[in-house]
Amino acid sequence: MTFLANALSRVKPSATIAVTQKARDLRAQGREVISLSVGEPDFDTPAHICAAAKAAIDRGETRYPPVLGIPPLREAVAKKFKRENGLDYKASDTIVATGGKHILFNAFLATLNPGDEVIVPAPYWVSYPEMVAICGGTTVFVQTRMEDGFKLQPEALERVITPKTKWLVLNSPSNPSGAAYTFNEMKKVTDVLLRHPQVHVLSDDIYEHLVYGEFKFVTPAQVEPALMERTLTMNGVSKAYAMTGWRIGYAAGPSALIKAMDMLQGQQTSGACSIAQWAAVEALEGPQDHLAVFRKAFEERRDLVVSMLNQAKYLKCPTPEGAFYVFPSCAEAIGRKTPEGKVIETDEDFVTELLGTQGVAVVQGSAFGFGPNFRVSYAASNALLEDACRKIQAFCGSLV
């Protein structure tokens, strides 16, 4: 009898965390490294949110909170969904957890049985299939195409739905591609789902507020209200409010699912940090002025990175609609050699050599189920991004 659980054999370590750690290790050795591998805003949490947390401490809000979340935050979540998304949830339909990842994990754990299938469009966030595997389900990947903007096409979705399909995971805007669905694009997807009542929708809206130009964000249950009873709409404060370390995610969905997630969470972490929850109340209900500032900065950075990467030899970089990532193709670099004679056989080789020779850390697209591409996070200063992109240009220019 082995000591460790068999489930661990189904799970791989996070590639994004691995690359970030490799960059840290090189820095510890004295190397100069620019890390564009982590999905974290470089802005500080807005001051009024921090002030709300300090006030909560001063009021003594330091006891165990309810498992589902403090009532003021659940009310704020319900109001947010109504105000911004046109979704009419009651506070009792909501749940607060220790980050968006916790919401997703509990949803899968509460619903998946062996043999249940979860459809995940590729490229995908690295944790989706690993969560499904831990919870005993089977991930069914659907490849998108760069020429379709990395968006799931209705015909491709229709082909992979089976009687065993329990969930479709939709992440818009997407990590890693930044792709986001317009109303009409989302409607084509929801039209397919209407024909398959056994399929539930897990909508990961964590990058909702980070869309650029004239793009209008939509979420599946907003586009097709008939899907509300089988949709879990997940969001959080980490990206748009620069609160990654506060660890607050939230969701709303069918009451039976929320109750099941409540039961699981009660045996795991119980309620999320009370102080962070009071900060999240202020994030959702307080001034939103910083959002326009964040969006403007990220849009400028996106345009800078897309322009500079498209000037690099062998790279093609689409312009994403949202989030703070670009996902360029390095297909034309595959098969070429570095000055030292190393053959670039995969996108992992590409990012490994880029880190080793130029000190720029990015993440291989194959970690997201789509290659040969790589993900660049532009959640960094313009000066740092310019420096990194020049180094990427130099690396690509050195290949023969």
Side-chain angles (χ1 to χ4, degrees), residues 64-113 116 118-119 127-128 131-132 134-137 165-172 190 193 197-206 208 219-238 246-274 276-281 283-285:
Y64 285 133
V67 173
L68 282 165
I70 60 173
L73 181 52
R74 296 180 73 199
E75 289 285 352
V77 167
K79 286 191 284 187
K80 173 263 182 287
F81 280 128
K82 180 67 173 177
R83 178 179 70 247
E84 297 182 348
N85 309 114
L87 299 177
D88 196 9
Y89 288 113
K90 300 187 294 291
S92 58
D93 298 324
T94 68
I95 183 171
V96 176
T98 308
K101 185 178 283 190
H102 193 198
I103 293 281
L104 298 166
F105 190 92
N106 279 352
F108 289 139
L109 189 60
T111 58
L112 292 179
N113 295 308
D116 287 344
V118 178
I119 296 172
S127 291
Y128 294 142
M131 290 180 186
V132 171
I134 292 172
C135 295
T165 305
K166 185 161 280 186
W167 287 104
L168 165 66
V169 177
L170 281 176
N171 176 211
S172 173
T190 59
L193 296 172
Q198 83 278 17
V199 183
H200 293 68
V201 186
L202 209 166
S203 185
D204 181 348
D205 297 356
I206 198 73
E208 169 187 3
T219 195
Q222 173 188 18
V223 171
E224 181 46 75
L227 291 176
M228 267 193 77
E229 284 304 308
R230 47 188 172 113
T231 299
L232 182 70
T233 303
M234 189 281 290
N235 212 315
V237 295
S238 60
W246 299 78
R247 309 308 304 132
I248 295 293
Y250 59 82
S255 59
L257 176 59
I258 298 300
K259 287 177 183 176
M261 293 169 67
D262 174 25
M263 181 182 69
L264 288 172
Q265 192 162 300
Q267 298 296 349
Q268 298 170 335
T269 58
S270 193
C273 170
S274 60
Q277 288 195 59
W278 282 105
V281 172
L284 295 182
E285 299 208 317

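- Here the shortest heavy-atom pairing between Trp167 and Val199 reads C-CG1, 4.2 Å.
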Walk me through whether Lys166 and Asn113 qualify under side-chain contact (heavy atoms from CB on, under 4.5 Å). CA-CA 10 Å; Lys166 185 161 280 186; Asn113 295 308; 3.9 Å; yes
side-chain contact (heavy atoms from CB on, under 4.5 Å) assessment of Leu232 paired with Ile258: CA-CA 9 Å; Leu232 182 70; Ile258 298 300; 4.2 Å; yes
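- Not one N or O on the side chain of Arg74 forms a donor-acceptor pair closer than 3.5 Å with the backbone of Val96.
- Between Asp205 and Thr219, the side chains place a donor N or O and an acceptor N or O closer than 3.5 Å (distance only, hydrogens not considered).
- By the neighbour-count criterion of 12 heavy atoms within 6.0 Å, atom CD of Glu229 is sparsely surrounded, having that number or fewer from other residues, nucleotides or ligands.
- Between Asn85 and Gln222, the closest heavy-atom pair is O-CG, 3.2 Å.
- In summary, the side chains of Asn106 and Gln265 do present a donor paired with an acceptor at a separation below 3.5 Å, with no hydrogens or angles considered.
- The main-chain N or O of Ile70 is found under 3.5 Å from a side-chain atom of Gln277 such that the two form a donor-acceptor pair.
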Applying side-chain contact (heavy atoms from CB on, under 4.5 Å) to Phe105 and Cys135, what does each step give before you reach the verdict? CA-CA 8 Å; Phe105 190 92; Cys135 295; 4.2 Å; yes
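- Within the 3.5 Å criterion, the main-chain N or O of Ala252 finds no donor-acceptor partner in the side chain of Asp93.
- The two atoms that bring Ala251 and Phe81 nearest to each other are C-CE1, 4.2 Å, heavy atoms only.
- Of all heavy-atom pairs spanning Pro71 and Pro66, the tightest one is CD-CG, 4.3 Å.
- Pro220 and Leu170 make their closest contact through CG-CD1, 4.0 Å (heavy atoms, listed as atom of the first residue, atom of the second, distance).
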List the steps and the verdict of side-chain contact (heavy atoms from CB on, under 4.5 Å) for Phe108 and Ile134. CA-CA 9 Å; Phe108 289 139; Ile134 292 172; over 6 Å; no
